Structures are given as C-alpha cells and as structure tokens.
Chemist: 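Structure in structure tokens, see below.
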Amino acid sequence: MQGRTLILVIFSTHVCCTVLSKRNKVLFPSAQRLKRDLDSDIPVNPVFQRSTKDVELLYEFLWDGLNFEDNFKCSLKDKELMSLRAGKKFNILVNTIIPKNISDIRRLTHKLSQHQGQLKPADFERILLTLVFTAYRTSKSQGHQQDTWAESLVNIFKALRHDLML
C-alpha cells in the first residue's frame, strides 16, 4: 500500500512539473491573453502567415512602411492595406502581441537562448516582427539606450539565424 502511494505521489509530482515547465515555455504570453472581440473575425491567437501569399503580403506591409506613434503603436502607412483583414491581423500582432519594452524583449531573448529545437511558425513570425520593432527602437535611441537596444537586436537576429540553420 505504501509503495503504491509513493508511486502515485511521484507520478503526480512529475505531471505537475511537466505541466508547469511547458506553460513557462510560451515565448509570447500576451498572445495567450488575447480576448476575442465580439465584432471581429480575427482569431484569438492570430498567426499571419498561412501560405506563400501571406508571406508576400507581410513583405509588402513591411516594404510599404510602418508608422510609429509616440506610444510605439504601429500602423501601416498604406491605408488600403490597413483596411484588409490581413492588415487588421497584422495590427493586432504588432500592437498587442509583440513586446515593446526592453525588459520584455530581453526576457524573450533569454527564453530564445534556452529554446531547443525549431521554433513554431507563429513564434518565428512574431520574433521576426519583434526584430523589426527592435531595429526601429535602436535607430530612434541614443547613447546607452541605443547600445541596449542594439544588443537585443543582435540577440534576436542570432536566434532567428540559429532557427534557420536547424
């Protein structure tokens, strides 16, 4: 009887540790906290790239340029592209899911340095957009802040490159 109880305790502890460790490995926790807008047809955990057309559209969004406001909210310069469903999804990704402050970005790069295996396509896409935002912040910063942002930019680039080499 005591042996069975011991095995049950060990098994339940292992299950709890496994669940907690998997829950902590989420690279973008803000994507898990999104609430569905009742009027929106955008999914709760949006992923932009589902086909080659989506990749080309993302490239077009980035090529046409982005507007950054003082609070670092981002929007597409092309209002026609912004009105598309994909433009709305891009807006949610960039303004809600992508980390905007240096501590969140450093936390992300730390998680990336510990990540094993290939990234999920959704995570790769979000890290790429984080790289774009970090490059923007690096260009707008000065002095020590610019060095901090540049270090994060390099770390994100290394993580993306590492993932592509797998």
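Residue numbers run from 1 in the order of the sequence given. Note that the structure is predicted; figures quoted are calculated from it, not measured.
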Chemist: Are Phe90 and Leu129 close enough, and set up right, to give a side-chain contact (heavy atoms from CB on, under 4.5 Å), and what steps lead you there?
Modeler: CA-CA 10 Å; Phe90 178 82; Leu129 292 173; 3.8 Å; yes
Chemist: Output the distance between atom NZ (Lys140) and atom CZ (Phe72), rounded to the nearest 0.5 Å.
Modeler: 10.0 Å
Chemist: Do Leu76 and Asn67 pass the side-chain contact (heavy atoms from CB on, under 4.5 Å) test, and can you show the C-alpha distance, the side-chain angles, and the key distance before you say yes or no?
Modeler: CA-CA 6 Å; Leu76 298 169; Asn67 289 326; over 6 Å; no
Chemist: Only one of Gln114, Arg106, Arg107 passes side chain to side chain donor-acceptor pair (under 3.5 Å) with His110; say which it is.
Modeler: Gln114
Chemist: Drop me the distance from Glu69's CD to Cys74's SG, to the nearest 0.5 angstrom.
Modeler: 9.0 Å
Chemist: Please tell me if the side chains of Leu66 and Val132 come closer than 4.5 Å, counting only heavy atoms from C-beta onward.
Modeler: yes
Chemist: What distance separates Ile156 CD1 from Arg161 CZ, expressed to the nearest 0.5 Å?
Modeler: 15.0 Å
Chemist: Quick check: is Leu160 connected to Leu62 through a chain of hydrophobic side chains (ILVMFWY, heavy atoms under 4.5 Å apart)?
Modeler: yes
Chemist: Closest heavy-atom contact between Leu57 and Ala86?
Modeler: CD2-CB, 3.4 Å
Chemist: About how many Å separate NZ of Lys79 and CG of Leu84, when rounded to the nearest 0.5 Å?
Modeler: 13.0 Å
Chemist: Atom OG1 of Thr148 and atom CD1 of Ile105: how far apart are they, to the nearest 0.5 Å?
Modeler: 11.5 Å
Chemist: Check Leu153 against Ala135 and note the closest heavy-atom contact, atom names and distance.
Modeler: CD1-N, 3.7 Å
Chemist: Is there a path of hydrophobic side-chain contacts, each under 4.5 Å between heavy atoms of I/L/V/M/F/W/Y residues, joining Leu164 to Leu128?
Modeler: yes
Chemist: Heavy-atom distance under 4.5 Å between the side chains of Glu56 and Thr52, does that happen here?
Modeler: yes
Chemist: I need the Ile102 CD1 to Glu151 CD distance, nearest 0.5 Å.
Modeler: 8.0 Å
Chemist: Quick one: do Ile127 and Leu131 satisfy side-chain contact (heavy atoms from CB on, under 4.5 Å)? Show the steps, please.
Modeler: CA-CA 6 Å; Ile127 293 166; Leu131 180 77; 5.7 Å; no
Chemist: Any non-hydrogen side-chain atom of Asn155 less than 4.5 Å from a side-chain atom of Ser113?
Modeler: no
Chemist: Please identify each residue that fulfils side-chain hydrogen bond (donor to acceptor under 3.5 Å, both in side chains) with Asn95, with sequence neighbours left out.
Modeler: Asn91
Chemist: If hydrophobic clusters are built by linking Ile, Leu, Val, Met, Phe, Trp and Tyr wherever their side-chain heavy atoms come under 4.5 Å apart, do Val55 and Leu81 end up in the same one?
Modeler: no
Chemist: Would a single hydrophobic cluster contain both Leu58 and Phe68, if residues Ile, Leu, Val, Met, Phe, Trp and Tyr are joined by side-chain heavy-atom contacts under 4.5 Å?
Modeler: yes
Chemist: Starting from the C-alpha separation in whole Å, work towards a yes-or-no answer on side-chain contact (heavy atoms from CB on, under 4.5 Å) for Lys100 and Asp104.
Modeler: CA-CA 7 Å; Lys100 296 285 194 292; Asp104 289 342; over 6 Å; no
Chemist: Check for a donor-acceptor pair, side chain of Ser83 on one end and backbone N or O of Glu80 on the other, with a separation under 3.5 Å.
Modeler: yes
Chemist: Write down the atom of Thr134, the atom of Trp149, and the distance for their closest heavy-atom approach.
Modeler: CG2-O, 3.6 Å
Chemist: In the single-linkage hydrophobic clustering (I, L, V, M, F, W, Y; side-chain heavy atoms under 4.5 Å), do Val154 and Leu119 co-cluster?
Modeler: no
Chemist: How are the rings of Tyr136 and Phe133 set to each other: parallel, tilted or perpendicular (split at 30° and 60°)?
Modeler: tilted
Chemist: Which atoms form the tightest heavy-atom contact between Leu93 and Glu125, and what is the distance?
Modeler: CD1-OE2, 3.3 Å
Chemist: Less than 4.5 Å apart, side chain to side chain, heavy atoms only: is that true for Asp78 and Met82?
Modeler: no
Chemist: Are Leu166 and His162 packed together at the side-chain level, in the sense that at least one heavy-atom pair is separated by less than 4.5 angstrom?
Modeler: yes
Chemist: Could you tell me which non-hydrogen atom of Arg126 sits nearest to which non-hydrogen atom of Ile98, and how far apart they are?
Modeler: O-CD1, 3.3 Å
Chemist: Looking only at non-hydrogen atoms, find the nearest pair between Leu112 and Ala159 and report the distance.
Modeler: CD1-CB, 3.7 Å
